[in-house]
Asks: 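What follows is a single structure, and I will ask about it in a moment.
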Amino acid sequence: MKSLERHLRALRETGVKALVPYFMAGVTTDWVRHVEAAIAGGANAVEIGVPFSDPMMDGIVIQEAGLRSLANGTTLDSLCAEVAGLALGVPLIAMSYYNVFHHYGLAASARRLADSGIDGAIVPDLSPEEAEPWRDACHSVDVATVFLVAPSTPSERVTRIATMSEGFVYASARMAVTGRASDLGAAPRVVAAVREATDLPTFVGIGITTPEQAREAAQVADGVIVGSALVRTILDGASPADTEALVNSFRRALD
Amino acid sequence: MKSLERHLRALRETGVKALVPYFMAGVTTDWVRHVEAAIAGGANAVEIGVPFSDPMMDGIVIQEAGLRSLANGTTLDSLCAEVAGLALGVPLIAMSYYNVFHHYGLAASARRLADSGIDGAIVPDLSPEEAEPWRDACHSVDVATVFLVAPSTPSERVTRIATMSEGFVYASARMAVTGRASDLGAAPRVVAAVREATDLPTFVGIGITTPEQAREAAQVADGVIVGSALVRTILDGASPADTEALVNSFRRALD
Amino acid sequence: MAEDTVYMSTPDEFGRFGEFGGRFVPEALMPACLELEDAFLDAWSDREFLAEYRSVLADFAGRPTPITPLARLSERLGISVYAKREDLAHTGSHKINNVVGQTLLTVRMGKSRVIAETGAGQHGVATATAAARLGLACTIFMGEVDTKRQELNVFRMELLGATVVPVTSGSRTLKDAVNEAMREWVTCVEDTHYCLGSVMGPHPFPWMVREMQSIIGHEAARQLRDVRVGTPDYVVACVGGGSNAAGVFAGFANSSAQLIGVEAAGGAAVGHGSPGVLHGMRSLIMQDEFGQIEEAHSISAGLDYPGIGPEHAHLAASGRARYVEVGDEVIIDALRTLSELEGIIPALESAHAVAWLIREAGREIPLGSTVLLNMSGRGDKDVAQVLSILRSGS
Amino acid sequence: MAEDTVYMSTPDEFGRFGEFGGRFVPEALMPACLELEDAFLDAWSDREFLAEYRSVLADFAGRPTPITPLARLSERLGISVYAKREDLAHTGSHKINNVVGQTLLTVRMGKSRVIAETGAGQHGVATATAAARLGLACTIFMGEVDTKRQELNVFRMELLGATVVPVTSGSRTLKDAVNEAMREWVTCVEDTHYCLGSVMGPHPFPWMVREMQSIIGHEAARQLRDVRVGTPDYVVACVGGGSNAAGVFAGFANSSAQLIGVEAAGGAAVGHGSPGVLHGMRSLIMQDEFGQIEEAHSISAGLDYPGIGPEHAHLAASGRARYVEVGDEVIIDALRTLSELEGIIPALESAHAVAWLIREAGREIPLGSTVLLNMSGRGDKDVAQVLSILRSGS
Ligand SMILES: Cc1ncc(COP(=O)(O)O)c(C=O)c1O
Ligand SMILES: Cc1ncc(COP(=O)(O)O)c(C=O)c1O
């Protein structure tokens, strides 16, 4: 069992619903302050976006953040260097597209993540069928490979994915790319399907925009992932204090 | 023998080279004054353009004159009415395209021309092959049907055309539509070919622009036709007096 | 319509179809017309020439063009419509059939240059294309109005190495382009062939062009037999000068099919014309009470012509073919209907034939009828014009 | 190159061609890819489906397209060049072959809508066309830059009833249109098929599209046999994603012909790329030192793509095919040369293949060689762009 999984299982056992905010690395010079602020606001883990030029699974908010980050010169090395020194006390999960790691080298990428204190990776364009080399690379360095289940995933496949996923299972609330939405979508159904297949912690993401939605999602799942809603405010100039307050409003909704 | 032919043969016998200016009927309100002026200046016959919307054999000068004339409301009837009353003392030859007569009716057109004192007609798009109905219509009213010979006409055909033509043979100086030119073109050759076939008076036209050219042409032919050079000055605002002077300059060159 | 009349055979020695046709050109051009007649007669009975003509049509121009059953349009209209796909021929219309033949003839006559008039630009593009292939010099006359509404085709001709001369006389459309081409021809007839683009002009053009286009109808008749449709109840084609119509009619002239030529209301020589002489032929012409030629007005540059080929005038007079008209206002709708239902954007010209079908299915055309529609060309050349009409919100 | 290797056969169960290919898509799309694979396998072995596919290609799309001997170009270059005329296919390029198949498959899968990316607009027009014919709803994603340089094609898609969405992310060209189409597909995969336009993307697209384009090569091989040319020394095609090249190569993969793919210098995935993962496939991709995808830059919208289909990456790695590049600066000249010598205005994409022939005849290509040139599309869509380049006096 990977450290990430141990950590998240332990959290679940305390009865706390996991709040996992997403930040695009390098989007602003003080992006790390936002990560810290989110933790201060009550985040239980943080997803760190590694920018990619062609983010097929992202909506316009995260696309824009990624482009800004690239324009700022962010690379896998640079962002790893920035997080490496921190003692944040919660797990970090990298989120990027496969080509970034593929190009850097799978083993080298996995080691780089691990060395920087990153505990897991979400690679939305890496299907379970293609994931073996990456999982192998991650395995030896204790980086968890998190897979997504989509509303379209048929049940045999849910079982397979749930079995392969490490740390947690990412349950997509809807058939959509990242972005903001006004309801919970298919989350309850997807979570239920995952639960039938595994007792791994299951977090809902894609479109969780308001604390109210987060509360509803947490009624069925073990945690929520909040991305575009936070990234949008940072793009609009939010300070770390703003981020802390916003994350905290989600925290209060979950507790 | 048509009156026109008798007249032109008689003229030749006096040793005078025929000068035949062309005027577009109706191009100005005083166009008839230009005809009279031309006669005063020494014209031996006058060609009268009957305007047609699609003058396939005319260059831009006569096209423009024709359009102006049509815009002024000129019709076959109106121009015939204008010339009918005059006693000009020289033959008049109508020049138009076949559709004008075809539409008016062949017999009616021929009679209308004759009644107005017009002695002949040049219809450049009426080939000898198609001319019988028109010649028939003209015959009974003593209107001569003048045919053209072109530089491209082969010799057997020259013979046929020369034999069919009445009044005179129109020898095209060049392969071109009406307009201005700087030399005599193929005129000597064309005239020589016509002369082999007939002793009908033979006039050179198409591109005769200057008195000097007219003089050269008259060295081989029995007369010259001057069109665009005169029409151009009228379009540019020449008075009847100007026309008289210009025609007279040709006259002097011929004598 | 006598039982034993043979329709669409050879014209008489003067090039007449009944009382229409003939040869009304300046003497300067008569020798060229006579030479052309001889050359055509000779070539058209020369197996080698015919074999080359057919092989260029097949290997270069993409013949045979298919017959497409228009399933969704047929369902919508309650009649069975088959389209003969001249839009798939190289350069985008039936015009290529004719110019392939005429340019081969040009070489055979020892001439090194062609000139042509063009309306929609399709004949100009086709001529420039066939000329390029044979290394012939090429000049195209095009009404200035048409150079603007068919800009794309002007570009194409230029890329093909042709010189495009905008014609500024008269109505600045097709009729004037013919005048200007004729004027030019007078000056260069020695080394230049006038590659006329429709079944019009002086003999032998109306006959020769019809012969060169008759491959449309002969192919279509065979193709309809092959798919067991047999003889259609109607054969429908748009008519500008009338070459695509003559070409498709030729395959059905002596069958039971009703032949329908669709004119643009603003250029309806049969509908609004009377016998006259223009551009070297005696035919039906739109003219005023004084015999001045009227300016045609059509949304489609290729139908913007006040005359019609003499053989059509004769087919109309004899009752063998019927000529109908549709107005500009229904053309865009017809074009969109065909595009959206069948995935075929027709030329504005061809859309006239479609519009007539849409209007008359279940009226003049009994439900259940079988119709062969000649899709004379594709609409690529027209889409900019159509979109600007749609956007200006008509 | 082992003697007994069979080239261009079926990929492995993961959709891999050697070390390239596979399926790298969001989980939301995986079921659709699997369903598509099943549906394709099933359809492609169903005689009735194949018969319908072939009959639509024949009756609607105008297949077979001819092979044209390019006499004057051949003479100029000292090699024998034959063009496979995909420019004569309905909508003006080879793209129709693929969309006819995929739209029939869409109906078979019970879906009612298609989406597609497009670069030059040819695939968008083809998709809109095939969708219209079957009454499928259709949305096309097109980079904003391309909507401008290919305005004519935007108009055409709109007339065909499609919705065109200009894509403003990234370089605003083909790559970004694919991203956007993928993003859209995630939201509507239930009732919508993503009609990918080249031999790229996740399995089964590269294989399926190649199969649907292989008719080009099989026809050409038969046609060259029929005219006794036999196997050409070279088979040359331009490469964007690689579908026209894959299609024509398929007819000669196991022959002695040398296969040459011509990339745009500014979009040369083989020339300047390295293994990477983009748009659902592992292939050769142009990328920077950090694995960020580079923006391609080509005069031709259809080649403005930083990747290449995985099977081509494999053909390059195995040495069976060779990939070369030509720069923007020679394309206009090549287009003009072909237009003026042969009367065929090629698409800017296809002009790349012509440019390579012009450059290499008598150098890499020995004089006297026989060459099959895939004329992937016609240049009508490009002439406005070309003329504005020529007029701005470069
Ligand atoms: C596509 C198309 N159809 C029809 C015509 C009309 O010509 P015709 O009546 O000679 O077929 C044209 C003329 O430009 C054309 O381009
Ligand atoms: C005419 C033409 N040729 C080639 C291409 C490139 O695509 P592919 O490499 O898939 O054939 C395109 C793409 O738009 C095209 O329109």
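Atom set for the values below is all heavy atoms of this structure, side chains included, hydrogens, waters and symmetry mates excluded. Numbered from 1 within each chain, the chains take letters A, B, ... in sequence-line order. The shown structure was predicted, so the numbers you read here are calculated from the model rather than taken from an experiment.
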Asks: Top residue by heavy-atom pair count (under 4.5 Å) with chain B, among C:Ala181, C:Pro31, C:Ala32, C:Gly170?
Replies: C:Pro31
Asks: So do B:Val100 and C:Phe290 actually touch side chain to side chain, heavy atoms under 4.5 Å?
Replies: no
Asks: Contact part of C:Ile293 toward chain B, heavy-atom cut-off under 4.5 Å: side chain, backbone, both or neither?
Replies: both
Asks: For the candidates B:Pro154, B:Ala176, B:Gly59, B:Ala131, which exhibits the highest count of non-hydrogen atom pairs separated by less than 4.5 Å from chain C?
Replies: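 So the answer, after comparing B:Pro154, B:Ala176, B:Gly59, B:Ala131, is B:Ala176.
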Asks: Can you tell which part of C:Val189 gets under 4.5 Å to a heavy atom of chain B, answering side chain, backbone, both or neither?
Replies: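 Only the side chain of C:Val189 comes within 4.5 Å of chain B.
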Asks: Measure distances from B:Pro55 to the heavy atoms of chain C and classify the residue's part below 4.5 Å as side chain, backbone, both or neither.
Replies: both
Asks: Non-hydrogen atoms of chain B under 4.5 Å away: do they reach the side chain of C:Ile285, the backbone, both or neither?
Replies: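 Neither; nothing under 4.5 Å.
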Asks: By a 4.5 Å heavy-atom criterion (distance strictly below it), what part of B:Ile60 contacts chain C: side chain, backbone, both, or neither?
Replies: neither
Asks: Count the heavy-atom pairs under 4.5 Å between each of C:Pro26, C:Pro275, C:Gly280, C:Cys188 and chain B, then report the option with the highest count.
Replies: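 The candidate making the most pairs under 4.5 Å is C:Pro26.
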Asks: Donor-acceptor pairs under 3.5 Å, chain C to chain B, main chain and side chains both?
Replies:
unit_1   : atom_1 : unit_2   : atom_2 : d
C:Arg16  : NH2    : B:Glu130 : OE1    : 2.6
C:Arg23  : N      : B:Glu130 : OE2    : 2.9
C:Arg23  : O      : B:Ser127 : OG     : 2.9
C:Val25  : N      : B:Asp125 : O      : 3.3
C:Glu27  : OE1    : B:Arg157 : NE     : 3.4
C:Glu27  : OE1    : B:Arg157 : NH2    : 2.9
C:Glu27  : OE2    : B:Thr153 : OG1    : 2.9
C:Glu27  : OE2    : B:Arg157 : NE     : 2.8
C:Ala28  : O      : B:Ser152 : OG     : 2.8
C:Lys175 : NZ     : B:Asp54  : OD1    : 3.2
C:Lys175 : NZ     : B:Asp54  : OD2    : 2.7
C:Asn179 : ND2    : B:Asp54  : OD2    : 2.7
C:Arg183 : NE     : B:Pro55  : O      : 3.3
C:Arg183 : NE     : B:Asp58  : O      : 2.9
C:Arg183 : NH2    : B:Pro55  : O      : 2.9
C:Val277 : N      : B:Asn99  : OD1    : 2.7
C:Arg282 : NE     : B:His102 : NE2    : 2.8
C:Arg282 : NH2    : B:His102 : NE2    : 3.3
C:Gln287 : OE1    : B:Asn99  : ND2    : 2.8
C:Gln287 : OE1    : B:His103 : ND1    : 3.2
C:Asp288 : O      : B:His103 : NE2    : 3.2
C:Glu289 : O      : B:His103 : NE2    : 3.4
C:Gly291 : O      : B:Asn99  : ND2    : 2.8
C:Gln292 : OE1    : B:Ser53  : N      : 2.7
C:Gln292 : NE2    : B:Pro51  : O      : 3.0
C:Ile293 : N      : B:Ser53  : OG     : 2.9

Asks: Could you look at B:Val149 and say if it's the side chain, the backbone, both or neither that has a heavy atom under 4.5 Å from chain C?
Replies: backbone
